[in-house]
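In this chain, residues are counted from 1 in sequence order.
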Amino acid sequence: MKTFSEGKFDIAVIGAGHAGCEAALVSARQHQKTCMLTLNLDSIAFMACNPSIGGTGKGHLVREIDALGGEMGVNADKTAIQMRMLNEGKGEAVQSLRCQCDKNAYHREMKRTIENTENLRVIQGEAAKILTENGKVTGILTTYGGVIEAKAVIVATGVYLNAETVTGEVRQSSGPSGFAPATKLTESLIELGFKVRRFKTGTPARLDGRTVDFSKCSVQEGESGVPAFSFLNDKPAENAAVCHLAYTNQNTHEAILNNLDRSPLYNGDIKSAGPRYCPSIETKVVRFADKERHQIFLEPEGLDTNEIYVQGMSSSMPHEVQREMYRSIEGLENCDIMRYAYAIEYDCIDSLDLYPTLEFKKVSGLYSAGQINGTSGYEEAAAQGLIAGINATFKLQNKPPFVLGRDEAYIGVLIDDLTTKGTEEPYRIMTSRAEYRICLRQDTADFRLTPKIADTPLYTGERKASFESRKKAFDGTLEVLNNRIENRAAVQEFMTAQGIEGSVALTYADLIRRGASLNDICAYFDILGGVNAEILKSAEATVKYEGYLKKNAQQIEKAKKLEQKAIPPDIDYDEIKGLRLEAREQLKRVRPLTLGQAGRIYGVNPADVTVLIVWLATRK
């Protein structure tokens, strides 16, 4: 094939999903000449599954992305049609924002942002090969013979690599929602040394909302007054739509069980690993056979469409079985299916082939981000795209790698899990994965992370003003709460009214630690008037969990001692006596950069780490 030049760039990004968008934007915003190659311009930031952003753990990621100059939170705020705060009845550490977005608007707004970003060019085409020379990436070859020269390349292909959709007995070569798959790049990745495997995910049907009897379903309203995702936005989104709750029943379950032999998940047609935490309705009915019903949420896909997303009911059953399943549910008796559910299998890599910077260990300048790394979810993808873009830029600028610790961000937990432990199924972030989650509340994401971009173009004047204003208000609020209360009689009266026993509190913070709410304190003592509600909530949580935060700080300091002890990259683990065989094999596979990382590898126990410490000390 005759080749031609598509141009010379600093950074080239393959893919325009949530990972590709963040990678391209964060590179271009740091003045890198950037190219984004996508199979279809209409798939930019396309929400192939649920048109929602955030949720438990995921909302933390979105706010961290925003704190580091990313776009997902900004775009979600622009296109939100319903906002909610999940887990409000639980501790602040696990509370997470979630919004239902307008699917088409989300795509349009992100596409508009990308098209109007300086230093960023978008090309529609398919990547056929990663070009390298002497162990370094040099660019991309497209299927049309176009050569995109680049000093760094970020692969963010999502679920498109050799993608096949499966519905009943029908298997088709197709990407999500009928978009074309990418059929050329996998071979190139294998040639470069990537370990490639197959994962599976799925999506439910979309119903015609005109054919749903919502009066038989429970209404799920949005919440007013919850904060926006972006710290740049002080105006919460208005709730323009409602969701509904419905339930499966015995008839639904019988329709599934009677046709299990036609389910690709149970007849052997699908052999790849699927997402454990987002199972199909077939899996839920079989796995939880004792349950009489499963809840499903009917969620609008946007304000310009009648399509309703049926969350909790993904499936790969044949179309006629799907009709029977959905119509067995109260409220859906006469529903028409506009898009049938399907499963999708795709190629992805082993994330253990990556450094914590998301750079490929075997090719300098080649990065990988998003679902190709074995994750699931828009938020996990966007977080990786952001970090890959920052690291690719920093490498070209001869800056130190940008790696977040597990104690600094959920993004750090996500990437450390992927590059240290790996994953055998589509990975999903959860608050339970973060051992220091009390330090990683979503409301403190900018306090934790924004200073890390202060010396980059990502720290815009708007972001600087927002950060400094919030930090000043937060610090000022804490100062007031820790001030001594002079009116002792008023304190005693307040404590009696609140049913708080014991000696008279000395400060407002003491009252919070004894169980009083900050809202009640502010109203009674007439303090902190005009302070933003989220700042008040952040300060209250900080005071309430002060003891736990101090304990966490001690644990973090102890863990950092191991993180700071580097392991030589040329270490020969076969030479180290005392290492168990399993530990030796795992250490050779992952090749950890520090003793802390070594201790988190599956199959490496504390005794193995001790052996490493002694060996390194002897060598030194």
Worksheet item: Does K588 pair with E585 as a salt bridge, N-O distance under 4.0 Å?
Response: yes
Worksheet entry | Lys/Arg-Asp/Glu bridge criterion (N-O < 4.0 Å) met for R428, E379 | no
Discussion item. So that I know where these two stand, are H107 and F46 an aromatic pair - ring centroids less than 6.0 Å apart?
Written reply: no
Discussion item. My understanding is that only residues two or more places apart in sequence, or in another chain, count here; which of them pass salt bridge (Lys or Arg N to Asp or Glu O under 4.0 Å) with E330?
Written reply: none
Discussion item. Quick one, S368 with N373, criterion side-chain hydrogen bond (donor to acceptor under 3.5 Å, both in side chains). Give me CA distance, side-chain angles, the key distance, then yes/no.
Written reply: CA-CA 7 Å; S368 180; N373 288 349; 2.5 Å; yes
Practice prompt. Answer whether the closest heavy-atom distance between the side chains of I256 and M325 falls below 4.5 Å.
Written response: yes
Discussion item. Side chains of N267 and D261: any donor to acceptor distance under 3.5 Å?
Written reply: no
Worksheet, complete the sentence: Result for side chain to side chain contact (heavy atoms under 4.5 Å, CB included) between K103 and one of R108, E307, E301 points to E301
Item to complete: Compute the ring centroids of F194 and F360, then answer whether they are less than 6.0 Å apart.
Response: yes
Worksheet item: Any Lys/Arg nitrogen of D208 or R339 sitting under 4.0 Å from an Asp/Glu carboxylate oxygen of the other?
Response: no
Practice prompt. Please determine if R293 forms a cation-pi arrangement with Y247, meaning its NZ or CZ atom is less than 6.0 Å from the six-membered ring centre and no more than 45° off the ring axis.
Written response: yes
Worksheet item: Just by distance, with hydrogens left out, do D347 and T186 show a side-chain donor and acceptor under 3.5 Å apart?
Response: yes
Worksheet item: Distance-only, no hydrogens or angles: does the R327 side chain make a donor-acceptor pair with backbone N or O of C335 under 3.5 Å?
Response: yes
Fill in: Side-chain touch Y346/N162, heavy atoms, less than 4.5 angstrom
no
Worksheet item: Would a distance-only check, ignoring hydrogens and angles, find a side-chain to backbone donor-acceptor pair under 3.5 Å from D608 to A583?
Response: no
Practice prompt. Report yes if some heavy atom in the side chain of I387 is under 4.5 Å from a heavy atom in the side chain of T357; otherwise report no.
Written response: no
Practice prompt. Could you point out which residue of H253, H294, Q295 forms a side chain to side chain donor-acceptor pair (under 3.5 Å) with T248?
Written response: H253
Worksheet entry | Non-hydrogen side-chain atoms of N391 and L358 separated by less than 4.5 Å | no
Fill in: Heavy atoms of other groups near E424 CD, more than 12 under 6.0 Å
no
Worksheet item: Under the salt bridge (Lys or Arg N to Asp or Glu O under 4.0 Å) criterion, do R600 and D416 qualify, and how do the steps go?
Response: CA-CA 9 Å; R600 294 191 296 274; D416 183 67; 2.7 Å; yes
Worksheet item: If we only count heavy atoms from C-beta on, is the L298 to C243 side-chain gap below 4.5 Å?
Response: no
Discussion item. Would E282 and S315 count as a side-chain hydrogen bond (donor to acceptor under 3.5 Å, both in side chains) here? Give the steps.
Written reply: CA-CA 7 Å; E282 298 98 285; S315 176; 3.1 Å; yes
Item to complete: Indicate yes or no: at least one non-hydrogen side-chain atom of R206 is less than 4.5 angstrom from one of I337.
Response: no
Worksheet item: R197 side chain to I349 main-chain N or O, any donor-acceptor pair under 3.5 Å?
Response: yes
Practice prompt. Evaluate the side-chain proximity of L245 to C217: yes if any heavy-atom separation is below 4.5 Å, no if none is.
Written response: no
Fill in: Backbone N/O of E187 and side chain of K129: donor-acceptor pair under 3.5 Å
no
Worksheet item: Regarding R433 and the six-membered ring of Y427, is the cationic atom NZ or CZ under 6.0 Å from the ring centre and inside 45° of its axis?
Response: yes
Worksheet item: Would you say the side-chain atoms of N40 pair up with the backbone N or O of D42, donor to acceptor, closer than 3.5 Å?
Response: yes
Practice prompt. Run the salt-bridge test on E435 and R406 with the 4.0 Å N-O cut-off and return the result as yes or no.
Written response: yes
Worksheet item: Atom CD1 in I148, atom CG in L37: separation rounded to 0.5 Å?
Response: 4.5 Å
Discussion item. Checking side-chain polar atoms at under 3.5 Å, does E345 have a donor or acceptor matched by the opposite partner on S272?
Written reply: yes
Discussion item. Whether the side chain of N75 engages the backbone of Y106 through a donor-acceptor N/O pair (distance < 3.5 Å, no angle test) should be reported.
Written reply: yes
Item to complete: Decide yes or no on side chain to side chain contact (heavy atoms under 4.5 Å, CB included) for Q220 and V242, but give the supporting numbers first.
Response: CA-CA 6 Å; Q220 300 286 298; V242 297; over 6 Å; no
Discussion item. Side chains of L265 and S316, heavy atoms from C-beta outward: is any pair under 4.5 Å?
Written reply: yes
Practice prompt. List the steps and the verdict of side chain to side chain contact (heavy atoms under 4.5 Å, CB included) for M36 and I123.
Written response: CA-CA 6 Å; M36 185 168 74; I123 301 175; over 6 Å; no
Item to complete: Would you sort out whether S96 and H60 count as a side-chain hydrogen bond (donor to acceptor under 3.5 Å, both in side chains), showing the intermediate values?
Response: CA-CA 6 Å; S96 298; H60 292 73; 3.2 Å; yes
Fill in: Polar side-chain atom of T420 near backbone of D417 as donor-acceptor pair, under 3.5 Å
no
Item to complete: Please confirm whether the backbone N or O of A205 pairs with a side-chain atom of Y342, one donor and one acceptor, at under 3.5 Å?
Response: no
Worksheet entry | Donor-acceptor pair, side chain of Q442 and main chain of Q95, under 3.5 angstrom | yes
Discussion item. Walk me through whether M317 and T167 qualify under side chain to side chain contact (heavy atoms under 4.5 Å, CB included).
Written reply: CA-CA 6 Å; M317 283 289 198; T167 309; over 6 Å; no
Fill in: Test log, rule side chain to side chain contact (heavy atoms under 4.5 Å, CB included), inputs E299 and I308
CA-CA 5 Å; E299 301 174 331; I308 300 294; 5.8 Å; no
Worksheet item: Does M72 offer a backbone N or O that forms a donor-acceptor pair with the side chain of E22 under 3.5 Å?
Response: yes
